[in-house]
Amino acid sequence: MENWQVGVDVGGTFTDIMAVGRNGRTFRVAKVPSTPGDQSKGVIAGLLALGIPLAEVTSFVHGTTVGTNAILERKGVRCGLITTTGFRDMLELGRRTRPNLYGLTGSFDAIIPRDCRVEVPERMGAAGQVITPLDEAAVRRAVAALLEAGVEALVIHFLHSYANPAHELRAAAIARAHWPNRHVTVGHEILREVREFERGSTAAVNAYIQPLLWRYLSRLEEELAANGMNRKLLIMQGNAGTMTARAASDRAAQTVMSGPAAGALAAARIGSEAGYRNVIACDMGGTSFDVSLIKDGQPALSAEKDVAYGVPVRVPMIDVHTIGAGGGSIARIDKAGLLQVGPGSAGSWPGPICYGRGGSEPTVTDANLVLGRLDPAAMPGVEHPVPVDRVRDMIERVIGRPLGLDARAAAAAILAVATNHLAGAIRMVSIERGEDPRDYAVFAFGGAGALHATALARELGIPKVLVPRYPGATSALGCILADLRHDFVRSVGRPLLDCDGAEMDAILAEHRAAGEAQVADDGVPIEGLVVKHEADLLFRGQSHVFRIPVTGPGFDPGRVFATFCQLYRARFEIELGEMRAMLASLRTTVLGTRRSIDGGLFARHAAPAEPAIRQREVWFDGRGWETAILRREHLAVGATISGPAIIEQLDATTVLDPGASLTVDPSGNLVIAVGDIA
């Protein structure tokens, strides 16, 4: 038996699957259209396309967009909230932000409607003392009222439960005795940290998507078992770690942005192995463009992300900026007569015009086809391609004529606008955070990333582009590379030097024990166990924390303070040692490490270099070029090519612009020197 490790990434347009043999010498890749109505159908179709017996699968990791899409589209379940008297409107009051920067316009609807939010008498103090005992009869009445209102998922969120969760635990016990399903979310169990709005919002998000995720994962597990798989299904988290499907169903909020996190993890690993520890990971699929900054081989990690306006999710996750710009992004002329591209997408059904599934609106993919960058006969998942002439006529009619352009000029304009959007996203994660994008390389992946990477890098003055061996399956590979991960946090809120080291050690030890128990309960083979402790610190009067690593056991407040001052001075070039340092919270990450994959695996499957299989005219900068069309699998390690050239493969197409050149590195990656257009 081969004993395969399988990674699955479900996107808005395609589902990408990669399987790597446990011997590290074999792999398989599949790409099939996503099935938005039921993603499990696309997953099963992809597994069948791989042609491996599921009984031979020893590890199966799935990156899912079920939860993220439900939040963005406001298609979660009907939720109810039981909270402390006086805090019914906490989800709407938030931090007094506004949807529009200027003016007093805009509105916000909380994901839990007001008529499904019920207050009950109870109150804990910030130090954990009982101020008002819990009214258990009121909890029972609230549960009955919410059930009568047709609520499917329940949130119990009390003020200061991070300091003392006794009231939340008792209310949860009462609710679970009467609730007809398992969907009861308890605030402190999702996030045991100060800030009632962020904690409440995270709990609300968890409940909002939990039933959807539970139904989907249950259905998928049944399908996998029926097809012979006897291993636990693992789910990617937004922090680039994995958890079991059962744990993901309970802690659904941690699956937000799981797909992009897998891609960022793979980009960091592949980039570092290729000698590029500073890369800008650009994942362009059919629906969206996800960009993340990777510095010194590590993706930036954020403690909080606004999934939508007014809906923060405060769990650790890879810092990914997403815009609605993909291959399926629709081009249109707005009321002002200006060309706009995205954020609306044709998705996988009906998809771009060239897919032949009934799509009638021009997209970025259609523009690439008209300019000769895509071969209609070689696009994955397209069974009945539309003739190029028909696509050209549609672009000219819808986009060209209103702008006074012919079809090719209109297609080039679509790509120019799309490139500007992509460049803006990169500026958001680099320049606006004090980083010069020219100090990085573009790591281009996703089905459409390599199509636009050279032009995008040239737009930003970035000299190098790195394209992995399988761009479309890079996020699926990231799923295979991910370790089991469990994160814990406890708010402390005391002056650092007044803290008792033994008490802090006890908190960290509790975190470690809980993490080790969860890893053991996951029942997944691991290579080792890694535990990391951190402290969130700030000077009194500040509002933003500075995170530093700490040791446990052996927490020494004096040593931690010295380290804090040293790192603070290095970061901000200022010393505030005379101010009182506050210990905001303690954090622990427990990793169950999995077997690594040799970066040279994919390079070994390249055949000796062959000449171009054919040529066709491809348009660059308003001029047609006779362009070599190559197959990626024919490019051996060390091969060099000068642009213009098109490199085709199963899961993606790479465009090498005129003036650019590429070399195939020892791992099979394409390293592109951008150069200047001839």
Side-chain angles (χ1 to χ4, degrees), residues 12-13 100 102 105 284-289 322-376 379 382 384-427 447-449 451-456 458-460 616-625 627 653 655 657-658 677:
T13 305
N100 300 307
Y102 299 105
T105 62
M284 185 174 181
T287 305
S288 64
F289 179 70
T322 301
I323 63 172
S329 292
I330 296 170
R332 69 191 190 283
I333 305 298
D334 66 15
K335 294 180 179 179
L338 300 176
L339 173 61
Q340 302 289 347
V341 179
S345 174
S348 56
W349 298 96
I353 300 168
C354 59
Y355 283 10
R357 299 174 187 151
S360 60
E361 297 177 288
T363 67
V364 172
T365 296
D366 295 313
N368 276 304
L369 184 74
V370 166
L371 294 174
R373 303 179 183 207
L374 289 175
D375 183 351
M379 291 187 293
V382 179
H384 305 288
V386 174
V388 176
D389 288 345
R390 191 185 306 172
V391 179
R392 185 183 298 117
D393 291 343
M394 186 69 74
I395 286 182
E396 183 169 1
R397 180 172 62 85
V398 176
I399 303 297
R401 290 176 187 171
L403 298 176
L405 303 173
D406 62 21
R408 289 195 179 96
I414 292 172
L415 296 190
V417 173
T419 298
N420 184 62
H421 289 334
L422 305 182
I426 290 179
R427 293 186 184 101
L451 267 171
H452 302 267
T454 307
L456 179 58
R458 186 171 287 154
E459 171 80 11
L460 293 163
R616 68 170 177 259
E617 187 178 52
V618 182
W619 287 75
F620 298 93
D621 198 32
R623 173 185 165 190
W625 298 70
T627 302
T653 296
V655 173
D657 291 16
I677 194 163

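Computed from heavy atoms alone, side chains included, the values below leave out hydrogens, waters and symmetry copies.
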dist Glu617:CD -> Arg408:CZ (nearest 0.5 Å) comes out at 5.5 Å
Requested in this report: Answer whether the closest heavy-atom distance between the side chains of Ile333 and Ile399 falls below 4.5 Å.
Outcome: yes
Checklist entry - Is it the case that Arg623 places NZ or CZ above or below the six-membered ring of Trp625, under 6.0 angstrom from the centre and within 45 degrees of the axis? => result yes
Minimal heavy-atom distance between Gly327 and Ala448, with the atoms involved, is N-CB, 4.4 Å
What one should report as the nearest heavy-atom pair of Phe289 and Ala325 is CB-O, 3.1 Å
Inset, instruction - For side chain to side chain contact (heavy atoms under 4.5 Å, CB included), just list the numbers for Ile353 and Glu361, CA-CA rounded to whole Å, side-chain angles, deciding distance to a tenth of an Å, and then say yes or no. - result: CA-CA 7 Å; Ile353 300 168; Glu361 297 177 288; 5.9 Å; no
Report yes if the side chains of Thr653 and Leu374 come closer than 4.5 Å at any heavy-atom pair, otherwise no. yes
Practice item. Could you go through the side chain to side chain contact (heavy atoms under 4.5 Å, CB included) check for Asn368 and His452 one step at a time? Key: CA-CA 10 Å; Asn368 276 304; His452 302 267; 3.3 Å; yes
| Test item: Ser329 and Thr363 side chains (from C-beta on) under 4.5 Å apart, heavy atoms | no
For Pro350 and Gly358, the nearest pair of non-hydrogen atoms, with its separation, is CB-C, 3.8 Å
Hits for salt bridge (Lys or Arg N to Asp or Glu O under 4.0 Å) against Asp406, two or more places apart or cross-chain, chain-then-number order -> none
In short, salt bridge (Lys or Arg N to Asp or Glu O under 4.0 Å) pairs touching residues 387-403 with sequence neighbours left out are Asp389-Arg392
Just wondering, do Val618 and Leu371 contact through their side chains at under 4.5 Å, heavy atoms?
no
So do the side chains of Arg458 and Asp657 get within less than 4.5 Å of each other, counting heavy atoms only? yes
Please tell me if the side chains of Phe620 and Val655 come closer than 4.5 Å, counting only heavy atoms from C-beta onward.
yes
Review point. Would you say the side chain of Val388 lies within less than 4.5 Å of the side chain of Pro376, judging by non-hydrogen atoms?
Key: yes
Here the pair of heavy atoms bringing Cys354 nearest to Leu369 is CB-CD2, 3.5 Å
In terms of heavy-atom contacts, Pro352 and Thr365 come closest through CG-CB, 3.9 Å
Output for pair (Arg427 CZ, Leu460 CG), nearest 0.5 Å, gives 5.0 Å
Could you please spell out the steps behind the side chain to side chain contact (heavy atoms under 4.5 Å, CB included) verdict for Arg616 and Asp375?
CA-CA 10 Å; Arg616 68 170 177 259; Asp375 183 351; 3.8 Å; yes
Determine, stepwise, if the pair Ile395 / Asp366 fulfils side chain to side chain contact (heavy atoms under 4.5 Å, CB included).
-> CA-CA 8 Å; Ile395 286 182; Asp366 295 313; 4.0 Å; yes
Distance-only check: which donor-acceptor pairs under 3.5 Å involve side-chain atoms of residues 411-424, not counting sequence neighbours?
from, atom 1, to, atom 2, distance (Å)
Thr419, OG1, Leu415, O, 2.9
His421, NE2, Val341, O, 3.4

